[in-house]
Protein chains: 2
Amino acid sequence: MQNKILQTLKERGYRMTKARQGIAGILSEAGAPLAAADILGPLDSRLRGDDIKKLRVNKTTVYRELEMLRAENLILEVDFGDAIKRYELADSKHHHHLICVGCTRVQDVEVDAPLAATERRLERQTSFKIERHALEFFGLCAQCRFPRR
Amino acid sequence: MQNKILQTLKERGYRMTKARQGIAGILSEAGAPLAAADILGPLDSRLRGDDIKKLRVNKTTVYRELEMLRAENLILEVDFGDAIKRYELADSKHHHHLICVGCTRVQDVEVDAPLAATERRLERQTSFKIERHALEFFGLCAQCRFPRR
DNA sequence: CATACTAACGCAACTCAGTTGCAATAGTCA
DNA sequence: TGACTATTGCAACTGAGTTGCGTTAGTATG
Ligand SMILES: [Mn+2]
Ligand SMILES: [Mn+2]
Ligand SMILES: [Zn+2]
Ligand SMILES: [Zn+2]
């Protein structure tokens with residue numbers, strides 16, 4: 001049980017099912033935010049040869065599991081502006097993303113001046129209580145800027 | 001023809017239809033980004049008594065018109081992270097939004113330190129060419145924080 | 001004003017991510 | 001080894017947005 005998500009879930013009384021282990025495993029190994037479809041497909045192929053052998057999971061299960069993990073604050077919803085929900089582990093430092101509009105390649109990035117000060121000013125000026133912000137950068141990666149001729 | 005959008009469209013050779021005039025009018029008067037549904041409903045009620053009398057427009061027309069206006073750079077797509085496309089006039093100064101998660105009330109806001117410098121640094125460090133960014137703040141407005149007791 | 005050309009429109013059917021109700025299955029614990 | 005019920009699978013559904021196609025109505029021209 002080296003998986004952080006699974007360990008936390010167990011501590012909170014969740015059952016250790018095969019689907020759950022497969023989904024948590026894929027999320028933990030992902031290098032970028034994943035959509036339900038990114039988990040559904042790989043579930044039976046990527047896990048082959050792993051300790052979790054072949055595994056077929058229904059899409060409803062994947063959606064429900066993702067929503068549960070988000071509600072448990074174990075993953076964060078990331079919005080790339082394309083009406084598809086994506087998630088990444090919640091244990092990393094707060095950061096933003098650089099998304100290639102050509103190939104959807106994603107890179108984590110940090111912003112120089114944190115937005116905390118701006119948020120406090122906005123709270124003073126607007127009487128809103130700010131809970132969070134979403135900041136993502138869109139552009140073209142090197143591969144998409146200079147397609148192999 | 002005091003409407004800026006309509007004037008530009010005419011200059012570019014578009015026809016002046018009733019649906020087009022109604023949609024452009026609603027977008028121009030809106031105080032916050034609008035979704036297709038925000039335009040579909042009001043079209044026949046809000047315009048009553050206006051120079052454009054009663055008007056019923058099909059949803060396909062609204063979606064197509066919005067997409068055309070966006071392609072013509074007359075409106076900008078704004079993403080509130082809820083899988084619904086919203087649009088606002090493109091003629092205003094670049095800004096961001098403060099969105100109430102309780103009632104979807106929206107307020108335009110500006111950020112202290114522009115993100116241009118950050119974008120240039122990211123371009124150097126990542127070899128991406130950045131085209132744009134999306135930054136929105138989410139929280140609770142005064143009305144939603146202190147519900148009328 | 002009459003006519004023709006075709007942009008724009010309305011309608012119905014479709015797509016696609018995500019959701020829901022419910023019966024069947026399988027972890028967990030005694 | 002059960003019993004209890006969380007979790008799953010399935011099918012049907014939702015809702016925003018899209019598409020194909022035949023019809024309507026701006027616009028230009030005479
Ligand atoms: Mn990330
Ligand atoms: Mn705005
Ligand atoms: Zn790319
Ligand atoms: Zn509110």
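Protein chains get the first letters and strands the later ones, always in sequence-line order, with residue 1 at the start of each. Only a predicted model underlies this, so the values are computations on that prediction, with no experimental measurement involved.
The side chain of B:M16 lies closest to D:dT27, out of C:dC11, D:dT27, D:dA16. Listed nucleotides: C:dG18, C:dG10, C:dC9. Nearest to the side chain of A:A36: C:dG18. With C:dG18, D:dG9, C:dA7 as the candidates, the nucleotide lying closest to the side chain of B:R15 is C:dA7.
On a pure distance criterion of 3.5 Å, no polar donor-acceptor pair joins the side chain of A:T17 and the base of D:dT8.
Look at CD1 on A:I84: it is 13 Å from C1' on D:dA16, rounded to the nearest Å.
Checking B:E67 against A:G13, the closest nucleotide of DNA chain D that is more toward the 5' end is the one next to A:G13. Projected onto DNA chain C by closest heavy-atom contact, B:Y14 and B:T60 fall at different nucleotides, the more 5' of which corresponds to B:Y14.
Taking the charged nitrogens against the carboxylate oxygens, B:E67 and B:R70 do have a contact shorter than 4.0 Å, which makes a salt bridge. Salt bridge status for B:D91 with B:K4: absent, with no side-chain N to carboxylate O gap under 4.0 Å.
Within the 4.0 angstrom heavy-atom criterion, no nucleotide atom of any strand lies near B:A35. Among the protein residues, A:R64 comes within range of the nucleic acid bases, having at least one heavy atom under 4.0 Å from a base atom. Residue A:K59 is in base contact, counting any heavy-atom pair closer than 4.0 Å across all strands shown.
Side-chain N or O atoms of B:E123 include one that pairs as donor or acceptor with a backbone N or O of B:I130 at under 3.5 Å. With hydrogens and angles ignored, the 3.5 Å screen pairs no side-chain donor or acceptor of B:Q7 with any backbone N or O of B:N3.
For the OP1/OP2 pair of D:dT18 and a distance below 4.0 Å, the side-chain nitrogens and oxygens of B:Y63 include no atom meeting the criterion.
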